[in-house]
Number of protein chains: 2
Amino acid sequence: MAVRLKDVAEMAGVSVKTVSNVINGYPHVSATTRARVEAAVEALGYRPNLQARSLRTGRSGVIALGVPRLDEVYFAEVAAHVIDAAGALGLTVLVEQTDGERERELEVLSGIRPGMVDGVILSPLGLSRTDVDETTRGVPVVLLGERVSGSAVDHLRIDNVEAARQLTRSLLTSGRRRVAVVGVPTGSHASAARLRLDGYQRAHGDLDVAWDDELWMSVAGYRRADGAEAVHRLVGTGKPFDAIFCFNDLLALGALAVLRRHSVRVPEDVAVAGFDDIDECSYSVPTLTSVSPDKGELALRAVHTLQARMDGAGDVPDPEVPFAVVQRESTASSR
Amino acid sequence: MAVRLKDVAEMAGVSVKTVSNVINGYPHVSATTRARVEAAVEALGYRPNLQARSLRTGRSGVIALGVPRLDEVYFAEVAAHVIDAAGALGLTVLVEQTDGERERELEVLSGIRPGMVDGVILSPLGLSRTDVDETTRGVPVVLLGERVSGSAVDHLRIDNVEAARQLTRSLLTSGRRRVAVVGVPTGSHASAARLRLDGYQRAHGDLDVAWDDELWMSVAGYRRADGAEAVHRLVGTGKPFDAIFCFNDLLALGALAVLRRHSVRVPEDVAVAGFDDIDECSYSVPTLTSVSPDKGELALRAVHTLQARMDGAGDVPDPEVPFAVVQRESTASSR
DNA sequence: CTGAAAGCGCTTACAG
DNA sequence: CTGAAAGCGCTTACAG
């Protein structure tokens, strides 16, 4: 059915080896032969079967990317960058959704579609400490986010403690004194949230301000509805607060909606800040202050680290990705 | 390095054929043999090389999805649904970004990674009438969005004319009389926008209201910034308007931001409506009226249609996907 | 500079 | 119920 190397060879009157040489750009082919082969390739519309090539070479040129869900904007933005960066290296990306479930993350980790995938980039949520070391056999893996284990597996992350500390400090120095938190870790696996809470506490320590942990709200997930629900609960406690630090932007956007419904003015009555700096932060009402990880850099390093490991290199890019705290309307000074 | 079928066969003391039979669940294997084989598989941690299987069977279990960009929320939502639907059928999805460029859409169409992909789902923007017919050879293709050519290629869409007509009619019947449009087609390829404009005109005809095409704003893209820019221009004309129909939600969200900056009240002074019903419509300020295509259904039918074509079936699902006009705060009656 | 042959790891008629 | 062998479409030492 499809055109094969053999067909091209027959038409050009050469061996398959020679066609292969031309296709793969080997230098030692006479100009005449090369021209004949290229003409045959053109005439037949030949395209090499990458599956077969890959079986032979042991390289597919495909990597897998595992994220909780693509319709969570942050992950869509990261995925877009990863696909771009991979494409620049001639790699194609297979995207898998895990819903943050351990089972499915393990599935991705152990090289979903064995034999077809050269490497894996995974943004894990449910993985436990030992999972990674036990499952990673064969394909190279790069983890996005906090280190899951003390293992040798590459992981890329921003300094969550420092980011949360800087953001919290800016809230405190602008006069806020009762900073609520939405998204505190509940289970044992929410390592990023734990670190952010740590940063929050350190900022309070830095400025000698006491915090009130009754203002810390847990969430069932990290989407708008969860943020809305948490702030609803927060308001319900009757406790006063003059700022909310949400551990991601969607939570913050959900929070804004509920505050508005309660006629709480942002930032006059309550400052609100998020994390991730998704596109929407620049367009929400009010625009949203957020921690902005350099997603382009994150994706680039993830792909390059993976590539380096696939090449068996020991040298990989710096695992710590830069971030910035972007101040917007939602935390403008109340004075 | 990796464990092969042969290794399992040796350990179990049977032929590779028998191991293959066990793995593929063929019925005629004695219980003893099966148990021995399964034990060996377990002991060695054997996982079949899907690349090799695929080379032999001609089926990879991988499909490609081509979208303009993943960080455009609508496409991320569609992609999330496609991956879910594909997963339910045991298919994995390779995601490619085209930026809406013709060249790259053709690349996807002609079966990016030949031999590794069983079928293609593409949401085209730049493809011309004849492109599709000429390029589609080999792998089955399902197009998302308006029919690009009169070709036999499957395409799934909503009734854009009727959707725009219903939405426009609701604006007119609620008393709006000067309905601006943001996102009118400029080039020759913007078929969906053209149909939406058609629906807009029909609604005016239905109710015998004249439209003013000086209120029709073109855009360079379909993102927030483009909507903001267009409304900026619209305001600049000095022409009065009491509603804006944006041809997607991001344009509408950009529009809201600019109107707010100009202290134009929505919906009191101007009603605003979008298209696609992305998640954010339910959380923006004000919440945004939009045409809501059934994305789950769209993705499901896309995958099932593709599967049917890959199986060589002639029967495919209905290409017309249902939609609903969801009324929210942004178009509440001004009376 | 080019060819004949082996082999990547599977599946599948074909025998027995 | 199980085995020996061919072949999917490539690449790659090995000769010449």
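Basis for what follows: all heavy atoms, side chains included, without hydrogens, waters or symmetry-related copies.
T33(B) comes within 4.0 angstrom of the backbone, heavy atoms only, and of no base.
Distance K6(B) NZ to dA4(D) C1': 13 Å, rounded to the nearest Å. In this structure, CZ of R113(B) is placed 15 Å from P of dC10(D), rounded to the nearest angstrom. For the pair R47(B) CZ and dC10(C) P, the computed distance is 12 Å after rounding to whole Å. Between the CD atom of E10(A) and the P atom of dG9(D) there is a distance of 13 Å, rounded to whole Å. Look at OH on Y46(A): it is 7 Å from C1' on dG9(D), rounded to the nearest Å. For R56(B) and dT11(C), the CZ to P distance is 9 Å, given to the nearest whole Å. The nearest whole Å value for the distance from the CE atom in M116(B) to the P atom in dG9(D) is 16 Å. Atom CD of Q51(A) is separated from atom P of dT11(D) by 13 Å (rounded to the nearest Å).
Here the nucleotide nearest the side chain of K17(B), chosen from dA5(C), dA4(D), dT2(C), is dA4(D). When each of dG9(D), dT2(C), dA5(D) is scored by its nearest atom to the side-chain atoms of L55(B), the top-ranked nucleotide is dG9(D). Set against dG9(D), dG3(C), dT2(C), the side chain of S15(A) has dG3(C) as its closest nucleotide. Which of dT2(C), dT11(D), dG3(D) sits closest to the side chain of L5(A) comes down to dT11(D).
For the OP1/OP2 pair of dT2(D) and a distance below 4.0 Å, the side-chain nitrogens and oxygens of Y26(B) include no atom meeting the criterion. Not one side-chain nitrogen or oxygen of S20(A) sits closer than 4.0 Å to the OP1 or OP2 atom of dC10(D). Distances shorter than 4.0 Å separate some side-chain N or O of N24(A) from OP1 or OP2 on dT11(D). The phosphate of dT12(C) has neither OP1 nor OP2 within less than 4.0 Å of any side-chain N or O from T57(B).
A salt bridge links R69(B) to D84(A): one of the charged nitrogens lies within less than 4.0 Å of a carboxylate oxygen. By the 4.0 Å N-to-carboxylate-O rule, D311(A) lies close enough to R59(A) to be salt-bridged with it.
To the nearest 0.5 Å, atoms CE (M310(A)) and CG (L306(A)) are separated by 5.0 Å.
Using a 4.5 Å cut-off on side-chain heavy atoms (C-beta onward), R113(A) and V62(A) make no contact. For the pair V3(A)/V41(A), no side-chain contact is recorded, criterion being any heavy-atom separation below 4.5 Å from C-beta on.
Taking a pair to require two hydrogen-bonding distances under 3.5 Å in either a Watson-Crick or a G-U wobble arrangement, dC1(C) pairs with dG16(D).
Residues R4(A) and V29(B) both approach DNA chain D. Their nearest nucleotides, taken by heavy-atom distance, put V29(B) toward the 5′ side.
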